[in-house]
Amino acid sequence: MDNTMDPTRAALEAHWRSSESGDSEAEHAIYSDDAILDYPQSGERFRGRTTIAAQRGGHPAERHFTVLRIVGSGNLWVSECIITYDGVPTYSVSVMQFAQEKVVHETQYFADTFGAPAWRIAIAEPMPGRQIEGA
C-alpha cells in the first residue's frame, strides 16, 4: 500500500519533526489524553500524554532524531529512527497503535550500535550510507 499521503503518516512525520525541533507541545499532540508509552527493556510504563511529555522533557541529554523509515496502515504504524543522545547514536523502533487519529499505545525499543563479528563480515555488505564496523 502506498501510504505516502496517508494522514496518519503525515501526523507521524510532524511528530518526529517536532521531536527534532524541540517543540514539545507539537511533539505530543499525536497522543490521546490517556495514551500509554512502554519501554520494554527497562520495564517502564508512562500513562497519559502529560506524563509522556514530562518524562521526555526531563531528559538531560541533547537529543536529535533521524527517521529512517515509517511504515504502516490502519491503526498500526512503525517508525525506525536514530536518536542521538549527546552525540551518541541509538537505534529506536517505535510501534504506535492509533484510535480516532491519536496514539493510544506506543512501545519503543532501543539498541546501541555494535561491531560485527569477523565470521559475518566476510558474507555481509554494508547498509546504504554505512560502513561495517568490526567487533
Query raised in the report: Would you say the side-chain atoms of Asp112 pair up with the backbone N or O of Thr90, donor to acceptor, closer than 3.5 Å?
Result: no

Requested in this report: For the residue pair Ile83 and Gln108, establish whether any side-chain heavy-atom pair is separated by less than 4.5 Å.
Outcome: yes

Report summary line: NE2 (His28) and CG (Asp23) are apart, to the nearest 0.5 Å, by 10.5 Å

Query raised in the report: Going by atom types only, do His64 and Glu20 share a side-chain donor-acceptor pair under 3.5 Å?
Result: yes

Query - Shortest non-hydrogen contact between Ile121 and Gly134, atoms and distance - result: CD1-CA, 3.8 Å

Query raised in the report: Is it true that the side chains of Glu106 and Ser94 contain a donor and an acceptor less than 3.5 Å apart?
Result: yes

Query raised in the report: Are any side-chain N or O atoms of Ser32 and backbone N or O atoms of Ala35, one a donor and one an acceptor, separated by less than 3.5 Å?
Result: yes

Query raised in the report: Between Gln131 and Pro126, is any pair of side-chain heavy atoms under 4.5 Å apart?
Result: no

Query - Exceeds 12 heavy-atom contacts within 6.0 angstrom, atom CD of Glu101 - result: no

Query raised in the report: Which atom names give the shortest non-hydrogen contact between Arg56 and Tyr39, and what distance separates them?
Result: NE-OH, 4.2 Å

Query raised in the report: Atom CE of Met96 and atom CZ of Phe98: how far apart are they, to the nearest 0.5 Å?
Result: 6.0 Å

Query raised in the report: Quick check: does any side chain N or O of Asp38 sit under 3.5 Å from a backbone N or O of Pro40, one acting as donor and the other as acceptor?
Result: no

**Report entry** Gap between atom OH of Tyr85 and atom CZ of Phe110 - 0.5 Å precision
**Finding:** 4.5 Å

Query raised in the report: Are any of the side-chain heavy atoms of His15 and Val103 separated by less than 4.5 Å?
Result: no

Report task. May I ask you to test the Glu80-Tyr91 pair for a side-chain heavy-atom distance under 4.5 Å? Result -> no

Query raised in the report: When clusters are formed by joining ILVMFWY residues with side-chain heavy atoms under 4.5 Å apart, either directly or through shared neighbours, do Leu76 and Val93 land in the same one?
Result: yes

Query raised in the report: Is Gln100 atom CD crowded by more than 12 heavy atoms from other residues, nucleotides or ligands, each under 6.0 Å away?
Result: no

Query raised in the report: Hey, what do you get for CD (Gln97) to CH2 (Trp77), rounding to the nearest 0.5 Å?
Result: 14.5 Å

Report summary line: Between the OG1 atom in Thr107 and the CZ atom in Arg45, the distance rounded to the nearest 0.5 Å is 8.0 Å

Report summary line: CD of Glu125 to CZ of Arg130, rounded to nearest 0.5 Å, is 13.5 Å

